[in-house]
Amino acid sequence: MLIGYVRVSKSDGSQTSEPQRDALLAAGVDPARIYEDLASGRRDDRPGLLACLKAIQPGNTLVIWKLDRLGRDLRHLVNTAEDLRTRGIGLKVLAGAGAQIDTTTANGRLAFGIFSAFAEFERELIVERTAAGLAAARARGRLGGRPRKMDRSTLKMAMAAMADQRAVAAEVARRLGLTTTTLYAYVNGDGTLKAAGQALLDGTL
């Protein structure tokens with residue numbers, strides 16, 4: 001069974017979901033099985049996507065128009081697709097840079113594997129830069145003493161550190177010169193952003 005998901009970012013009429021819906025319908029998705037969100041892709045609270053991922057069953061295939069309709073970023077996209085794979089659910093992309101992806105086929109799995117490799121490479125670079133930044137901060141005596149407030153640079157390091165499944169929040173907070181309470185005010189346990197963290201990155205906090 002094919003399950004569809006569409007998303008547009010703006011509600012002012014400048015964007016419409018119709019091109020996405022038309023593409024999904026042409027691919028054979030039942031209109032009653034298309035879930036939709038009107039929200040920025042960087043937001044965590046996307047009820048349509050949450051409902052879609054909850055409803056989809058093993059053996060189904062999730063169909064999207066383009067890759068950027070699904071993930072907040074490359075890491076989130078890869079993690080979502082991996083979660084689908086472990087549940088026995090396929091992912092098919094109809095257009096854009098990821099149009100060759102159809103994880104129900106061997107070639108599609110290979111294509112997505114390349115995307116996954118780039119995501120892992122990106123994560124390793126972030127972890128490497130984070131370690132270098134922490135070492136430099138220790139050398140300058142920045143760690144210890146009164147906890148400092150969260151800033152964009154610290155937030156990015158916190159995201160990278162917490163994305164490691166072996167990370168201990170208290171240790172990450174200590175190394176960044178934060179309290180654990182401050183860390184969790186901005187970042188979830190898996191390194192994804194909370195509303196305050198997203199606002200800080202967007203410059204609206």
Side-chain angles (χ1 to χ4, degrees), residues 5 7 9-10 37-50 52-54 66-87 91 97-98 112-205:
Y5 175 70
R7 178 182 62 78
S9 301
K10 298 180 180 179
D37 273 317
L38 180 59
S40 166
R42 302 185 70 177
R43 290 180 55 181
D44 289 328
D45 55 332
R46 287 190 276 167
L49 179 59
L50 293 176
C52 176
L53 295 178
K54 183 177 181 180
K66 293 183 179 180
L67 282 171
D68 63 359
R69 300 300 87 191
L70 181 61
R72 288 192 306 270
D73 50 39
L74 184 57
R75 183 170 62 85
H76 177 250
L77 175 65
V78 170
N79 289 343
T80 301
E82 177 62 16
D83 178 63
L84 293 174
R85 186 192 67 78
T86 59
R87 293 170 57 192
L91 173 66
F112 195 80
I114 295 172
F115 276 85
S116 301
F118 277 116
E120 179 65 16
F121 176 67
E122 178 186 52
R123 192 188 76 83
E124 291 299 328
L125 286 179
I126 292 173
V127 171
E128 184 177 309
R129 288 195 295 268
T130 299
L134 290 173
R138 284 195 296 272
R140 294 194 299 272
R142 286 178 57 189
L143 298 185
R146 184 179 180 180
R148 59 192 173 110
K149 294 182 178 180
M150 184 71 80
D151 56 32
R152 295 182 68 182
S153 176
T154 305
L155 177 58
K156 290 179 180 179
M157 289 190 289
M159 291 170 61
M162 293 296 285
D164 187 339
Q165 295 182 351
R166 298 167 296 179
V168 178
E171 178 65 15
V172 171
R174 186 188 68 80
R175 289 180 176 277
L176 293 175
L178 303 169
T179 65
T180 305
T181 300
T182 298
L183 177 66
Y184 275 126
Y186 292 86
V187 181
N188 292 309
D190 62 355
T192 57
L193 289 173
K194 290 187 175 178
Q198 188 63 66
L200 180 57
L201 283 188
D202 292 342
T204 59
L205 185 63

To check you understand the geometry: which heavy-atom pair defines the closest contact between M162 and N188, and what is its length?
CE-O, 4.0 Å

Nearest heavy atoms of Y184 and A169, plus distance in Å:
OH-CB, 3.2 Å

Given 3.5 Å as the limit, does a donor-acceptor pair link the side chain of R69 with the main chain of R7, or not?
yes

Checking the side chain of R46 only, and the main-chain atoms of L70 only, is there a donor and an acceptor separated by less than 3.5 Å?
yes

What pair of heavy atoms forms the shortest contact from T180 to A170, and how long is it?
OG1-CA, 3.7 Å

Please tell me whether T192 and D190 have a donor and an acceptor in their side chains that are separated by less than 3.5 angstrom.
yes

Rounded to the nearest 0.5 angstrom, the OG1-CG distance for T86 and L84 is 7.5 Å

If you measure from NZ on K156 to OG1 on T154, what distance do you get to the nearest 0.5 Å?
11.0 Å

On a heavy-atom basis, the closest approach of L155 and G197 is CD2-O, 3.3 Å

What distance separates L50 CG from D37 CG, expressed to the nearest 0.5 Å?
7.5 Å

Going from CG on L91 to OG1 on T80, what distance comes out if it is rounded to the nearest 0.5 angstrom?
9.5 Å

Evaluate the criterion side chain to side chain contact (heavy atoms under 4.5 Å, CB included) for residue pair L176 and M150; output intermediate values, then yes/no.
CA-CA 9 Å; L176 293 175; M150 184 71 80; over 6 Å; no

Could you please spell out the steps behind the side chain to side chain contact (heavy atoms under 4.5 Å, CB included) verdict for L178 and V172?
CA-CA 8 Å; L178 303 169; V172 171; over 6 Å; no

Work out which heavy atom in A161 is nearest to a heavy atom in A167; give both atom names and the distance.
O-CB, 3.2 Å

With side chain to side chain contact (heavy atoms under 4.5 Å, CB included) as the test, would you mind laying out the steps for Y186 and M159 before giving the verdict?
CA-CA 9 Å; Y186 292 86; M159 291 170 61; over 6 Å; no

Salt bridge check: are R166 and D164 linked by an N-O gap of less than 4.0 Å?
yes

